[in-house]
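What follows is a set of notes on a single structure, which appears directly below.
All figures in this text were calculated on a predicted structure; none of them were measured in a lab. Numbering of residues begins at 1 and proceeds along the displayed sequence.
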Amino acid sequence: MGDWSALPQELLGLIFIRLRHAADIIRFGAVCTSWKLVAMEAKQLHLKPLSPMLLLPPNAQNEAHNLLDFSTHKACKIELPETEGAWCSTSWKGWLLTINFSFPYAMNLLNPISRLQIQLPPATMFEDAHSETEDTSIPTECFISKMVASSSPSDPNCIIMVIHSMWNKLAFCKPGDREWKTLKSGIYHFQDIIFYKGNFYATAKQEVGIVQCDLGPEPKVTPFAPPVWVRSLENKYLVESRGELLQVSRFLHYDDDRDEMSPYNTIIFEVFKLDFNTRTWIKVESLGDNSLFLGHSGTFSISTQDLLEFKKNCIYFLDDYLTAYYLSEFPQATQVWRTPLFWIIPDLFKGEFLISH
């Protein structure tokens, strides 16, 4: 048998940049030391989008996290000791946001593949944080509901925006900051946020439409576009697809006869794109070759032309009813998953390949 470690580095580099699935990239870097070095150098040039994966948290039968690869329908075990004593509250692309259960409720961004961890200001450093973090009626699990970033969090100039607290306010920071800065607004109960073409935008439960985030000396939000639809039982998501800003409305129907752990049905989705010239919404009848991924753990769009494991013109979505994961009335929830599931688009451009195999 030939010596795989002796293959020319140029050949290995050409093979590496054609990989599209994170599991293949991880396995490539785990073959031997020479392959790992090639991977660490070549991944800086890996510009092709990677296939989304699903992070499966521990449950009663399995104490480890697993990454589900949709191309093979197999799960790859990963060790995440950094999540011990912390709650994985949300995610953005390849990063998890964790918050500790104990004071001062430390917050970190964790790359589950590279195991790179970036420290953020603790939850006690939000505006009005003391009254909320000391209120035992507010579970740690629901303190942060959404997170997006302006770039990879490994970039020191990255800006991280979150929806936080029982009022679903907006706040932001940079890695290395000591506190979170809350955006002044008469609007609360924000549902989703997105970084789109150099700006942060947000949508709320109220009839306010889309707001733009001003991160100047006095951070605030300003109205930008009218609401698309007004309906009480509706989740709204912001997502970029083919260069356009979309708002997706997920209409819900509560059913008293359903399992109380998940008491609603998703009835239908409606998709609109924003015309930035007129600031009006246009209904989208087809996603073409693209598909959308929605959920509490972030929203994004992919082209299915090179990712044949996904169907075009489809919406893949997660259950956003998170109450069952942390309320004592639902102890049976831990029999399924101990935390919510998360979409993951692997961010492999920093750190080491530290996944189990």
Side-chain angles (χ1 to χ4, degrees), residues 22 50-59 62 65-71 73 75-76 78 80 83 87-98 110 112 141-142 144-148 162-163 168 190-194 203 205 233-241 246-255 258-271 287 290-302 304 307 309-311 313-327 330 332-347:
L50 294 174
S51 177
M53 305 179 79
L54 189 63
L55 181 64
L56 308 178
N59 58 26
N62 191 340
H65 289 77
N66 285 270
L67 275 174
L68 179 63
D69 186 339
F70 288 94
S71 64
H73 302 287
C76 183
I78 58 173
L80 295 177
T83 62
W87 175 258
C88 296
S89 60
T90 185
S91 67
W92 179 78
K93 295 189 176 179
W95 296 80
L96 299 174
L97 190 151
T98 65
L110 172 65
E141 294 90 337
C142 66
I144 302 293
S145 59
K146 212 72 179 245
M147 180 264 293
V148 298
V162 298
I163 299 176
N168 289 357
F190 286 98
Q191 279 198 318
D192 203 7
I193 43 180
I194 190 173
T203 184
K205 294 181 181 179
L233 300 182
E234 172 192 19
N235 285 353
K236 293 185 287 187
Y237 307 89
L238 297 175
V239 57
E240 180 177 357
S241 182
L246 306 182
Q247 178 169 300
V248 183
S249 295
R250 176 180 180 178
F251 297 118
L252 309 173
H253 171 69
Y254 278 82
D255 187 346
R258 282 177 60 87
D259 184 346
E260 60 184 1
M261 284 178 60
S262 185
Y264 66 80
N265 289 309
T266 297
I267 303 172
I268 194 173
F269 291 94
E270 290 189 348
V271 182
L287 300 172
N290 280 30
S291 287
L292 305 182
F293 292 73
L294 309 178
H296 67 280
S297 60
T299 59
F300 55 90
S301 171
I302 65 165
T304 62
L307 300 174
E309 60 269 32
F310 299 104
K311 295 182 180 180
N313 196 34
C314 286
I315 294 177
Y316 295 83
F317 61 98
L318 298 177
D319 184 7
D320 278 357
Y321 185 71
L322 305 183
T323 307
Y325 290 102
Y326 55 82
L327 288 189
F330 303 133
Q332 66 270 36
T334 58
Q335 298 175 10
V336 185
W337 305 112
R338 293 183 185 172
T339 68
L341 281 65
F342 297 94
W343 296 123
I344 296 290
I345 299 181
D347 183 351

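Partners of F269 according to the ring-ring contact (aromatic ring centres under 6.0 Å, His included) rule, which considers only residues two or more places apart in sequence or in another chain, are F317. Every residue two or more places apart in sequence or in another chain that forms a side-chain contact (heavy atoms from CB on, under 4.5 Å) with E240 is listed here: I194, Y196. Not counting sequence neighbours, the partners of T90 by the side-chain contact (heavy atoms from CB on, under 4.5 Å) test are L97, I144, M147. With sequence neighbours excluded, the residues forming a side chain to side chain donor-acceptor pair (under 3.5 Å) with S241 are N290, S301, listed by chain and number.
Judged by distance alone, with hydrogens and angles left aside, the side-chain atoms of Y316 form no donor-acceptor pair with the main-chain N or O of F310 at under 3.5 Å. Formation of a donor-acceptor pair under 3.5 Å by the N66 side chain with backbone atoms of L56 is not found in this model. Without hydrogens or angle criteria, H296 side chain to L341 main chain gives a donor-acceptor distance under 3.5 Å. A donor-acceptor contact shorter than 3.5 Å links the side chain of Q191 to the backbone of K236.
With a 4.5 Å cut-off on side-chain heavy atoms, T83 and H65 count as touching. Annotation: side chain of L68 is not in contact with side chain of M53 (no heavy-atom distance under 4.5 Å). Residues L238 and I193 form no side-chain contact, since every pair of their non-hydrogen atoms from C-beta on lies 4.5 Å or further apart.
The aromatic rings of F300 and F293 sit parallel, their planes meeting at an angle under 30°, below the 60° perpendicular limit.
E234 and S249 share a side-chain donor-acceptor pair at under 3.5 Å.
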